[in-house]
Each structure stands twice: as structure tokens, then as C-alpha cells.
Amino acid sequence: HGKRVGWAAKVMLIELDAPKEDIKRYLDFCRAAGIPTTLEELSLDKYDRGAWLDAAMHSVVDSGRINSLEYPINVERIVDVILESEKLAL
């Protein structure tokens, strides 16, 4: 569970438009601590955009937590940020 949370924090930093230097520092920390920084490291790199959209939709519907954010976000944006985060982690 902790490894997934560590990976997800990277995605959140990107969504919150954190400075690139902060993201780099976080990724360096993760690598040093053995926390995954890519979907491949979580064995989740085989999924296409459609599968990610489906997973994000189920996650949002099941948890309802997306409504607790201070700004509007949708399933497409969640997937965009996940895929964008992969580029920064490499």
C-alpha cells in the first residue's frame, strides 16, 4: 500500500503544478527509498488509456472523493496526469 501511495504522491504533485525542482527532489527521494516512480515498477505499465479511464471512473464512482477537491477535476484529467507523470519519472 505504501508504495502505491508514494507513487500517487508524484501524480498529485504534478496535478498541483508543483515546481519541477520539487518533483525532481521527490523522485530522487523515492528512488533512494525504494519507492516506485513508474507504472512499470508497480507492474501497471501494460494498460492502455482506455483501461486507465475505466479504472479511474470506477475509482471515482466507488469513493466519491473526487468531489472533496477544492477545484473541479474529471476522469480524463486524472488519466492525463497519470500518463504525464510517467514522462517525468523516466
### Message
Could you check whether D28 pairs with R25 (Lys NZ or Arg NE/NH1/NH2 to Asp/Glu carboxylate O, under 4.0 Å)?
### Response
no

### Task
Verify the neighbour count for atom CZ of R77: are there more than 12 heavy atoms of other residues, nucleotides or ligands below 6.0 Å?
yes

#### Entry: Nearest-0.5 Å distance that lies between atom CG in L88 and atom NZ in K10
7.5 Å

### Task
Mind checking the CZ-CD1 spacing from R4 to I35? Nearest 0.5 Å is all I need.
13.5 Å

### Task
Would you check if W7 and L42 make a side-chain contact, meaning some heavy-atom pair closer than 4.5 Å?
yes

### Task
State, yes or no, whether a side-chain contact exists between M57 and E76 at a heavy-atom distance under 4.5 Å.
no

### Query
Going through the checks in order, is the side-chain contact (heavy atoms from CB on, under 4.5 Å) test met by D22 and L13?
CA-CA 8 Å; D22 289 353; L13 286 171; 5.7 Å; no

### Task
Determine whether more than 12 heavy atoms belonging to other residues, nucleotides or ligands lie under 6.0 Å from atom CD of E40.
no

#### Entry: Least distance between heavy atoms, L53 atom then V75 atom
O-CG1, 3.6 Å

#### Entry: Check: T38 main-chain N/O paired with E41 side-chain donor or acceptor under 3.5 Å
yes

#### Entry: Carboxylate-amine/guanidinium proximity below 4.0 Å for D54 and R49
no

#### Entry: Note, I78 side chain near I82 side chain (heavy atom, < 4.5 Å)
yes

## Note on the structure
For A56 and V79, the nearest pair of non-hydrogen atoms, with its separation, is CB-CG2, 4.0 Å

### Query
Can you check whether A9's main-chain N or O pairs, donor with acceptor, with Y26's side chain at less than 3.5 Å?
no

#### Entry: Heavy-atom pair of closest approach, residues C30 and T37
CB-CG2, 3.6 Å

